[in-house]
Amino acid sequence: ASVNVEVGSAADFEFSDGLAHFLEHILFMGTEKYPNMSHADVAMSMAGGFASAFTAHDVTNYYFTVSGFLFEMLDVLAQFFIHPLISQTAIDLEVSAVDSEYKKSIPKDDWAIIQLMKTLAHSKSEFTGFSTGNIETLNKTDI
């Protein structure tokens, strides 16, 4: 199953590079109905599957695959959008997770090619933003 949200990194504000990517992460960190921060991952695993997500330029996609308990897992996914919990602990963990993803991407050729394309794009293009985010862009009190 999949939910495609028609908002991606192009919607980041100038002062909040990586915010869409960070929000993709934070929604996995508990909901009012399922407050445990690892509930989604554990539930999907127990149902014989996994859950993941990705943030693209114009969309964010949340998806999962399971071998059973489909309707129960649909509820877990739906709760991400109905009533997510965003605790300071979860924020700190996910800012670090996004920063870690960023640091792992730096030496990869495909990431370097995208960064090169961004430098060649028109300076006012929404494509030039820093879509991944890192600890510097996300560890702000004014976002």
Side-chain angles (χ1 to χ4, degrees), residues 1-119 121 124-143:
S2 174
V3 173
N4 203 51
V5 179
E6 297 292 320
V7 175
S9 60
D12 286 348
F13 300 110
E14 286 182 31
F15 59 87
S16 63
D17 287 336
L19 185 59
H21 182 215
F22 167 75
L23 291 173
E24 167 216 310
H25 278 248
I26 201 76
L27 291 186
F28 279 89
M29 299 300 285
T31 65
E32 184 176 81
K33 187 171 182 179
Y34 306 108
N36 185 303
M37 287 193 288
S38 62
H39 181 81
D41 289 334
V42 170
M44 298 293 173
S45 179
M46 290 178 67
F50 69 94
S52 194
F54 64 86
T55 302
H57 183 70
D58 55 348
V59 298
T60 304
N61 186 273
Y62 299 82
Y63 60 94
F64 71 87
T65 181
V66 292
S67 58
F69 304 99
L70 176 62
F71 291 109
E72 291 86 348
M73 297 307 106
L74 284 170
D75 184 54
V76 170
L77 182 64
Q79 295 301 317
F80 287 6
F81 307 100
I82 294 169
H83 202 294
L85 295 180
I86 303 177
S87 69
Q88 188 61 52
T89 300
I91 290 170
D92 294 343
L93 287 168
E94 293 312 308
V95 165
S96 292
V98 168
D99 189 61
S100 178
E101 273 187 40
Y102 161 68
K103 288 175 180 171
K104 282 191 242 177
S105 296
I106 292 171
K108 294 183 178 178
D109 289 344
D110 58 340
W111 194 82
I113 290 168
I114 292 170
Q115 298 316 304
L116 176 61
M117 289 172 28
K118 287 181 177 213
T119 63
K124 296 199 185 296
S125 168
E126 59 191 22
F127 180 66
T128 62
F130 178 43
S131 58
T132 306
N134 64 16
I135 202 157
E136 293 173 18
T137 64
L138 295 171
N139 215 6
K140 298 178 180 178
T141 57
D142 61 343
I143 293 181

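No experiment lies behind these values; they were computed from the predicted model shown.
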- Query: Does NZ belonging to K118 count more than 12 external heavy atoms closer than 6.0 Å?
  - Reply: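 Count over threshold, so yes.
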- Task: Please say whether more than 12 non-hydrogen atoms of neighbouring residues, nucleotides or ligands are located less than 6.0 Å from CD in E136.
- Result: no
- Message: So if I apply the side-chain contact (heavy atoms from CB on, under 4.5 Å) rule between L19 and each of D12, T137, V98, which one comes out positive?
- Response: D12
- Query: So F69 and D75, side-chain contact (heavy atoms from CB on, under 4.5 Å) or not? Walk me through it.
  - Reply: CA-CA 10 Å; F69 304 99; D75 184 54; over 6 Å; no
- Reported CG-to-NE2 distance for the pair L85 and H39, which is rounded to 0.5 angstrom: 12.0 Å
- Task: Report the distance from atom NE2 of H83 to atom CD of E32, rounding to the nearest 0.5 Å.
- Result: 4.0 Å
Under 3.5 Å, is there a donor-acceptor pair between the side chain of [X] and the main chain of [Y]?
X    : Y   : value
K140 : F15 : yes
S100 : S96 : no
T60  : V7  : yes

Set of residues satisfying side chain to side chain contact (heavy atoms under 4.5 Å, CB included) with respect to [X], sequence neighbours excluded:
X    : value
E14  : none
K108 : D110, W111
D92  : Q88

- Looking at H21 and T132, what are the two nearest heavy atoms and their distance? ND1-O, 2.8 Å
Are any of the side-chain heavy atoms of [X] and [Y] separated by less than 4.5 Å?
X   : Y   : value
M73 : M44 : yes
I26 : P84 : no
F64 : L74 : yes

- Item | Stepwise side-chain contact (heavy atoms from CB on, under 4.5 Å) check, M37 with L93 | CA-CA 10 Å; M37 287 193 288; L93 287 168; 3.9 Å; yes
- Task: Scan side-chain atoms only and decide if T55 and E24 contain a donor-acceptor pair under the 3.5 Å cut-off.
- Result: yes
